[in-house]
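Beneath this line is the structure, given in structure tokens, with notes to follow.
Lettering follows sequence order; numbering is per chain, from 1. Side chains are part of it too, since the values below use all heavy atoms of this structure and drop only hydrogens, waters and symmetry mates.
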Amino acid sequence: MRKTGLNTIYECAKEDKNIVFIGSDLGPGTLDNFKEEMPSQFYMEGISEAHVISMAAGMAMEGDRVYVNTIASFLTRRSLEQVALDICAENLNVTIYGNGGGLVYGPLGHSHTAVDDFALLAALPNLVVLAPADANEMREFIKQSATYEGPIYIRLGKGGDPLVTEKKDIKIGEPLYYEKNPDSNNLIITTGIMLQRSLDMAKELDVNILHYSTVKPFNTKLLLEHVNKSTNIVVIEEHLKNGGIGTSVCQELIESSISPKSFHHFHLGTEYIDQYGRQEEIFEYLELTPEKMINVLRDKWGL
Amino acid sequence: MTEFSKLCKDIRFDILEIFEKGGRGHVPSAYSLVEILATLYFDTFKLIPENFKTQDRHRVLLSKGHGCLALYAILYRLNFYDKSEFHKFCKVGGILGGHPTRGKVPGVEISAGSLGHGMSLGIGQAISLKRKGLDKKVAVIVGDGECNEGSIWEAALSANKNNLDNFTVLIDYNKIQSYGPVATVCPLEPFQDKWKSFGFETYEVDMINNPRELKAILDKEQKSPRAIICHTKKGQGNSILESDITWHHKNKVSKEDIELLKGAML
């Protein structure tokens with residue numbers, strides 16, 4: 001997913017001289033072809049996330065379309081004020097490309113995991129928050145971001161995530177609906193790479209899936225099309241409990257006076273993760289594997 | 001009195017007028033800026049509203065946003081907006097806020113308020129201008145206290161790395177920050193050495209006794225990013241504001257206060 005996104009930025013930059021890439025201190029060789037072929041559109045500025053975000057804003061004020069890339073937790077937590085004031089308040093064409101969304105950097109500890117990014121960014125005006133599930137979605141999102149007016153944050157998965165989305169359906173702002181049984185009352189609402197886990201669960205359960213790769217703005221219309229008072233809702237997200245899509249789902253339903261039959265939220269808890277481990281290992285530790293989640297739902301729904 | 005010092009005095013009276021009408025503001029931080037901004041706007045860059053219709057203009061970025069009264073007074077004198085806005089300073093429906101907002105006040109390049117942003121924004125602009133082959137300069141004014149911010153020094157590294165010979169940072173070194181003297185709150189000396197070691201062409205200028213020297217420095221050919229340490233006084237040009245630290249920010253102001261300050265203008 002990461003490589004696809006970077007290559008797509010490179011392809012877009014070849015077409016549009018106003019497209020600029022800024023990295024902090026990325027791995028050696030990152031986008032070498034970009035650097036060689038378009039040196040005036042490629043910047044590697046050092047470990048200075050706050051500066052890099054404001055610098056991107058300054059360039060965008062002059063008409064550049066800027067992609068900023070480094071580790072998501074630093075771009076969101078460390079530079080939150082720069083993102084809020086210099087990019088979002090000014091509604092500039094800056095795309096923040098955050099490596100290691102969710103638990104991808106689980107072995108490195110809570111400084112590096114981005115499990116609060118949706119919550120931190122949800123409050124910021126103008127910002128679109130995207131969490132693609134796979135490389136297909138990433139490619140389409142980057143292509144669309146190249147002409148989108150306004151700031152965007154993209155949370156990256158770890159790479160190598162199975163391809164489950166189809167190119168023709170992917171559009172910023174539009175959740176994807178996976179219908180297994182039109183008569184089912186069970187609905188999984190998910191985002192990012194939890195889509196793959198949800199699809200695995202759908203092999204065992206009578207359930208449809210609504211995939212919110214656009215976390216913000218939250219598409220309420222589609223939610224209301226698929227939820228009524230007999231729906232069993234389960235939200236699955238690789239994010240802390242508060243401020244992610246679970247929060248959005250609850251708020252939108254209450255505002256629309258819809259009370260579903262039941263609601264269950266699989267999330268990462270309310271504390272930073274106190275264990276080191278690969279993404280899958282932490283999902284196991286938190287009992288968020290498809291098997292464990294299926295068992296919980298079977299009990300709850302009496303299946 | 002020279003023409004320039006008369007201009008600066010008039011600007012100080014305008015600042016006082018906005019302060020009086022708005023009933024609040026950071027006056028001493030604006031007074032130390034007057035000669036710096038007046039040099040940039042009226043002499044070196046010659047900015048007028050027509051410049052702002054295109055990218056073909058030099059850029060002045062006020063990073064120490066709390067000094068905005070000086071910027072507002074100058075933009076008014078250059079006909080960027082109407083004087084009726086003075087009454088609405090910091091009020092609903094007005095364009096002049098306690099910190100400036102880009103897009104709201106014509107002629108304001110960046111929104112400012114939280115310190116340590118302007119230098120990086122200006123560096124982004126300077127890079128972009130060079131990329132586009134536009135021979136225009138970017139000047140960012142930061143406060144001395146603002147140089148406590150780490151992002152200032154991240155930006156300094158970047159200006160050097162990108163060989164920005166179209167970028168200048170001017171430091172309003174008025175020696176006083178909110179709590180007290182810069183020298184005790186968070187000392188900056190040896191200040192010029194710091195900028196020099198970051199790869200800047202550095203200058204020090206006495207803006208109290210010899211403010212015209214700034215124009216001469218700005219007119220010099222530039223080969224790398226430039227830092228100009230402007231020695232000023234907080235409240236400069238007013239005997240009361242120069243000597244009384246409690247005037248840093250006021251949110252209540254009486255007619256008597258204004259009369260007192262008018263009488264203390266140097």
Side-chain angles (χ1 to χ4, degrees), chain A residues 13 16-25 34-35 38-68 70 74-75 78-94 96 124-126 150-151, chain B residues 52 54-59 61 63 65 97 99-104 108-134 136-140 142 149-164 166-167 169 198:
Chain A
D16 181 354
K17 280 194 167 57
N18 287 323
I19 288 180
V20 168
F21 177 86
I22 309 178
S24 61
D25 185 27
F34 192 139
K35 184 182 173 183
M38 299 172 276
S40 82
Q41 291 166 259
F42 181 92
Y43 297 85
M44 193 64 69
E45 292 301 294
I47 308 162
S48 51
E49 294 83 4
H51 162 68
V52 160
I53 290 284
S54 301
M55 174 180 147
M59 296 185 82
M61 284 175 189
E62 297 297 336
D64 291 327
R65 206 167 251 290
V66 190
Y67 289 81
V68 183
T70 188
F74 305 147
L75 288 172
R78 189 185 186 92
S79 322
L80 186 61
E81 184 180 273
Q82 281 75 13
V83 172
L85 297 180
D86 297 338
I87 292 176
C88 295
E90 303 294 330
N91 199 19
L92 295 170
N93 292 333
V94 176
I96 299 164
L124 304 184
N126 298 318
Chain B
F52 280 77
T54 68
Q55 273 197 306
D56 193 28
R57 66 178 190 279
H58 300 299
R59 281 133 180 87
L61 280 62
S63 188
H99 294 99
T101 301
R102 172 178 176 259
K104 213 165 206 182
V108 164
E109 293 281 2
I110 57 163
S111 302
S114 178
L115 297 171
H117 289 237
M119 225 172 115
S120 298
L121 291 168
I123 285 167
Q125 293 185 340
I127 291 173
S128 196
L129 289 169
K130 283 174 87 81
R131 233 169 66 67
K132 294 179 172 67
L134 290 167
K136 293 293 159 193
K137 290 183 179 293
V138 178
V140 179
V142 302
E149 294 280 8
S151 54
I152 291 282
W153 304 101
E154 292 182 7
L157 290 170
S158 171
N160 178 51
K161 180 231 160 112
N162 288 292
N163 305 313
L164 295 180
N166 59 345
F167 179 83
V169 58
F198 274 76

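Taking I47(A), I22(A), N18(A) one by one and counting their heavy-atom pairs under 4.5 Å with chain B, the maximum is reached by N18(A). Chosen from Q55(B), R59(B), M119(B), R102(B), the residue pairing most often with chain A at heavy-atom distances under 4.5 Å is R102(B).
By the salt bridge (charged side-chain N to carboxylate O under 4.0 Å, His left out) test, K161(B) pairs with E45(A), sequence neighbours left out. Taking the ring pair (Phe, Tyr, Trp, His ring centres under 6.0 Å) definition, one finds that F42(A) meets it with F21(A), F34(A), sequence neighbours left out. Take E154(B) and apply the salt bridge (charged side-chain N to carboxylate O under 4.0 Å, His left out) test, not counting sequence neighbours, and it matches no residue.
Atoms CG and NE2, on L85(A) and H99(B) in that order, are 11.5 Å from each other to the nearest 0.5 Å. How far CD of E62(A) is from CG of L121(B): 10.5 Å, rounded to the nearest 0.5 Å. The CD atom of Q82(A) sits 7.0 Å away from atom OG of S114(B), with the distance rounded to the nearest 0.5 Å.
Heavy atoms only, all atoms of each residue included: G124(B) and M59(A) are closest at O-CG, 3.2 Å. Between E90(A) and S111(B) the shortest heavy-atom distance is OE2-OG, 2.5 Å.
Heavy-atom proximity under 4.5 angstrom to chain A picks out Q125(B), I127(B), S128(B), L129(B), R131(B), K132(B) from residues 125-133 of chain B.
With a 6.0 Å radius and a threshold of 12 heavy atoms from other residues, nucleotides or ligands, R78(A) has its CZ atom at or below the threshold.
Only the side chain of L92(A) comes within contact range of chain B, judged by heavy atoms closer than 4.5 Å. For V66(A), no part sits under 4.5 Å from any heavy atom of chain B, backbone or side chain.
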Problem set entry | S48(A) vs L157(B), side-chain contact (heavy atoms from CB on, under 4.5 Å): CA-CA, chis, key distance, verdict | CA-CA 9 Å; S48(A) 51; L157(B) 290 170; over 6 Å; no
